[in-house]
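First up is the structure itself, then whatever we jot down about it.
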Amino acid sequence: MGSGLFRAGMRRLAGGVTIITSLDAEGRRCGITATAVCSLSTDPPSLVACVNRETSIAAVVEQRGVFAVNVLATAQRAVAETFAGRTGHQREDRFSVGDWGVAETGAPVLADAAVSFDCRLAESVTFGTHMILIGRVEATRCADGEAPPLLYGDGAFLTTCLAASPV
């Protein structure tokens, strides 16, 4: 099977949009848009995030051992586009879009994210083109009020609506 068919199939798997962030040894922030994030365990609280090994964040997270996962709401599409590299912003300049603060670990967190998970790297595994990051969640911050999730599927950003009830 070729990778093209696999990619086409995976595009149809919708996922929540996140921004994975960290900072390097000099304190410079970096981040990418990602959909490959899921919970791993509640005891200890942990999650899995998959990032391409060629991205700057992969090396930074391995070196520093901290990262944050910022789950985006529908109103944050501009942030998603910026961190996906679609606006021409590079590395630190990406943080000019959105209101960014600092988590306990030092990782950048989006102030109005639907949820932010502040993580310490428990383990990383290299597989093919990607690194699988296992993060031990040190802190979780949920937004006040409703924050409908921003989704990505079939090559586009999507919003949610309730599915029709079965008759």
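- When every heavy atom of Thr160 is checked against every heavy atom of Pro149, the shortest pair comes out as CG2-CG, 3.9 Å.
- Side-chain contact check for Thr33 versus Tyr152: every heavy-atom pair is 4.5 Å or farther apart.
- Side-chain N or O atoms of Arg29 include none that pairs as donor or acceptor with a backbone N or O of Pro108 at under 3.5 Å.
- Test Thr140, Asn70, Thr18 against Ser116 for side-chain hydrogen bond (donor to acceptor under 3.5 Å, both in side chains) and you get one pass: Asn70.
- Between Ile19 and Ala80, the shortest heavy-atom distance links the atoms CD1-CA, 4.1 Å.
- Pairing each heavy atom of Cys119 with each of Val137, the nearest pair is SG-CG2, 4.0 Å.
- Residue Val69 is grouped with residue Val51 when hydrophobic side chains (ILVMFWY) are merged at heavy-atom distances under 4.5 angstrom, including chains of intermediate members.
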*Report the C-alpha distance between Ile57 and Phe67 in whole Å, list the side-chain angles of each, state the deciding distance to 0.1 Å, and finish with yes or no for side-chain contact (heavy atoms from CB on, under 4.5 Å).*
CA-CA 9 Å; Ile57 195 142; Phe67 64 100; 5.7 Å; no
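- Scanning both residues, Asn52 and His130, for their nearest heavy atoms gives N-CD2, 3.3 Å.
- Cluster annotation: Phe157 is connected to Phe83 through the hydrophobic network of ILVMFWY side chains, with a link wherever side-chain heavy atoms come within less than 4.5 Å.
- Between atom CE of residue Met131 and atom CD of residue Glu123 there is a gap of 11.0 Å, rounded to the nearest 0.5 Å.
- There is a path of hydrophobic side-chain contacts, each under 4.5 Å, that joins Phe6 to Leu13.
- The number of heavy-atom neighbours closer than 6.0 Å to CD of Glu92, taken from other residues, nucleotides and ligands shown, is above 12.
- The shortest side-chain heavy-atom distance between Val109 and Thr21 does not fall under the 4.5 Å cut-off.
- At a threshold of 4.5 Å between side-chain heavy atoms, the hydrophobic network of Ile, Leu, Val, Met, Phe, Trp and Tyr places Ile20 and Leu72 in two separate groups.
- Within the 3.5 Å criterion, the main-chain N or O of Arg136 finds no donor-acceptor partner in the side chain of Arg120.
- The backbone N or O of Pro44 sits less than 3.5 Å from a side-chain atom of Ser46, completing a donor-acceptor pair.
- Taken from CZ in Arg11 to OG1 in Thr35, the straight-line distance is 11.5 Å, to the nearest 0.5 Å.
- The two residues Ala113 and Ala143 make their nearest non-hydrogen contact at O-CB, 3.3 Å.
- Looking at Glu62, its side chain never comes within 3.5 Å of a backbone N or O of Ala59 through a donor-acceptor pair.
- Using a 4.5 Å heavy-atom threshold, the side chains of Leu110 and Trp100 count as touching.
- A donor-acceptor pair under 3.5 Å links the side-chain atoms of Arg64 to the main chain of Asp24, judged by distance alone.
- Grouping the Ile, Leu, Val, Met, Phe, Trp and Tyr side chains by contacts below 4.5 angstrom, directly or via other members, places Val66 apart from Leu47.
- Atom-to-atom distance recorded for Arg77:CZ and Leu150:CG is 8.0 Å, nearest 0.5 angstrom.
- No donor-acceptor pair closer than 3.5 Å links the side chain of Asp118 to the backbone N or O of Ala139.
- Taking both residues in full, the closest heavy atoms of Ala111 and Arg141 are given as O-NH2, 3.1 Å, listed atom of the first, atom of the second, then distance.
- Atom CG of Leu133 sits about 7.5 Å away from atom SG of Cys50, to the nearest 0.5 Å.
- Side-chain contact check for Val71 versus Phe117: some heavy-atom pair is nearer than 4.5 Å.
- In terms of modelled atom types and a separation under 3.5 Å, the side chain of Arg53 and the main chain of Gly128 share a donor-acceptor contact.
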